[in-house]
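What follows is a short report on a single structure.
Bear in mind that the values here come from a model prediction, so they are computed numbers and not experimental data.
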Amino acid sequence: MKWRSIICLFMAALGAGSSVSKAANPVIEGWYADPEGIIYDDTYWIYPTWSDVYEKQTFIDCFSSKDLVNWTRHHAVIDTAEVKWANKCMWAPSVIRNNGLYYLFFGANDVHEGEIGGIGVSVSTRPEGPYRDLIGKPLINAIVNGAQPIDQFVFRDDDGAHYMFYGGWGHCNVVRLNDDFTGLVPFDNGEIYKEITPENYVEGPFMLKRDGKYYFMWSEGGWGGPDYSVAYAIADNPLGPFVRIGKILWQDEKVATGAGHHSVLHIPDTEEYYIVYHRRPLGDDGRDHRVTCIDRLEFDADGFIKPVKMTFEGVAPRRIMKKH
């Protein structure tokens, strides 16, 4: 029995055991939405929006974990005191590591035509910040192709090129970032902003590459209501065209409503994927009452994404072994 216990503990530490409780959804306490999940080395990170009235969304927290179950809060890794041009609505962060530095892109000010706001970029030497405003102004302020400059997602392709997908109000653009993320560079045809809006797109774009295919995902429906959901398309290159395949995440009358604005965690060198998303507790129709959850994301034999099963129990512990 002694040796059996030791083996069980060892397997759990590797993320393979079943004797340790699952994470339970929501995985973090409080009203948090639009979660961006990422893996840096052997640590999981979640960067969400603080879900509140716009005037109180003046900071961004992040959370770290070694096992997907136990999360540590890092408060106000960036706020409006650092971003002088922002006064509210710091939301929907996107994060990436590049050349040894950590970058956090964010939307601010719920910008409309003629107003100051849009997509900003910040940088830090640590994933938990503090982050400083990189260029002292929005990276994208203008409303191009009808897309409000919010909900940015930064994607690095295998060739090292960085693309940023963004857009609210039912329109999605893709731009290419320069090497230090201080500006945009044109595509081969001279175009800077390329609209790639798929059918039913509303907001919340995300890109995943698997087996040479580009999986483009987005949120549909109304973010303040129960019909919020996630759909996707598959293309042979990061610029599309993206033809809608169908939904993969939507409300479940037994679990939650308003499920959307997601990201995906992929354990390196495995076929393990996790969807990080927000949803609304049953019976709670508060506009800003959204919580961050994690469930499994799976593919079928043909490479299509299976519908996500939302759960209360969440996912099992899963540690990432350091590479030496």
Side-chain angles (χ1 to χ4, degrees), residues 28 32 34-49 59-68 71-79 82-83 90-108 119-135 139-140 151-166 174-185 204-210 214-215 217 238 262-270 272-276 292 294 297 318-324:
I28 54 180
Y32 287 98
D34 316 328
E36 169 102 347
I38 197 167
I39 295 172
Y40 290 136
D41 302 319
D42 64 343
T43 304
Y44 303 94
W45 295 84
I46 294 177
Y47 297 77
T49 299
F59 62 91
I60 291 174
D61 291 340
C62 77
F63 298 81
S64 61
S65 174
K66 295 291 187 181
D67 60 5
L68 284 180
W71 293 88
T72 299
R73 176 175 176 251
H74 308 273
H75 180 55
V77 298
I78 190 168
D79 58 26
E82 167 59 25
V83 184
M90 292 193 74
W91 50 17
S94 179
V95 292
I96 195 167
R97 180 167 57 188
N98 189 35
N99 295 325
L101 296 174
Y102 298 86
Y103 292 86
L104 187 154
F105 295 75
F106 56 91
I119 296 171
V121 56
S122 61
V123 64
S124 176
T125 58
R126 303 180 301 174
E128 70 272 28
Y131 286 83
R132 62 175 178 83
D133 191 355
L134 182 61
I135 60 176
L139 180 64
I140 299 178
D151 289 6
Q152 63 294 319
F153 174 71
V154 178
F155 169 75
R156 179 167 49 234
D157 207 348
D158 296 338
D159 62 359
H162 289 93
Y163 301 92
M164 184 166 70
F165 302 85
Y166 78 90
V174 59
V175 297
R176 184 166 176 175
L177 298 167
N178 65 9
D179 292 339
D180 60 6
F181 299 161
T182 59
L184 310 179
V185 295
F206 183 84
M207 173 71 78
L208 169 71
K209 190 173 185 180
R210 178 179 182 270
Y214 296 84
Y215 291 74
M217 310 178 194
H262 77 299
S263 57
V264 176
L265 292 168
H266 173 218
I267 308 297
D269 303 318
T270 75
E272 294 180 58
Y273 294 83
Y274 300 87
I275 186 168
V276 188
T292 289
I294 303 177
L297 183 76
R318 178 57 161 96
R319 291 184 177 270
I320 302 172
M321 303 305 293
K322 285 186 177 180
K323 292 184 177 181
H324 296 285

Could you grab the distance from atom [atom1] of [X] to atom [atom2] of [Y], nearest 0.5 Å is fine?
X      : Y      : atom1 : atom2 : result
Ile320 : Asp67  : CD1   : CG    : 10.0 Å
Ser94  : Phe206 : OG    : CZ    : 8.5 Å
Gln152 : Leu177 : CD    : CG    : 10.5 Å
Arg97  : Tyr103 : CZ    : OH    : 12.5 Å
Asp42  : Lys66  : CG    : NZ    : 3.5 Å
Arg318 : Leu68  : CZ    : CG    : 8.5 Å

Are [X] and [Y], when compared by the centres of their aromatic rings, separated by less than 6.0 Å?
X      : Y      : answer
Tyr102 : Tyr40  : yes
Tyr131 : Phe106 : no
Tyr274 : His266 : no
His162 : Phe155 : no

[X] side chain vs [Y] backbone, donor-acceptor pair below 3.5 Å:
X      : Y      : answer
Ser124 : Pro130 : yes
Asn178 : Phe181 : yes
Asp151 : Gly204 : yes
Asp133 : Gly120 : no
Thr292 : Tyr32  : yes
Asp79  : Glu82  : yes

Answer yes or no: is there a side-chain heavy-atom contact under 4.5 Å between [X] and [Y]?
X      : Y     : value
Asp61  : Arg73 : yes
His74  : Phe63 : no
Ile294 : Ile46 : yes

Tyr47 versus Asp34, side-chain donor and acceptor atoms under 3.5 Å: no
Side-chain H-bond candidate by donor/acceptor type, Asp180 with Thr182, under 3.5 Å: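 Side chains of Asp180 and Thr182: pair found under 3.5 Å.
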Minimal non-hydrogen separation, Ser263 against Gly37, with atom names: OG-N, 2.8 Å
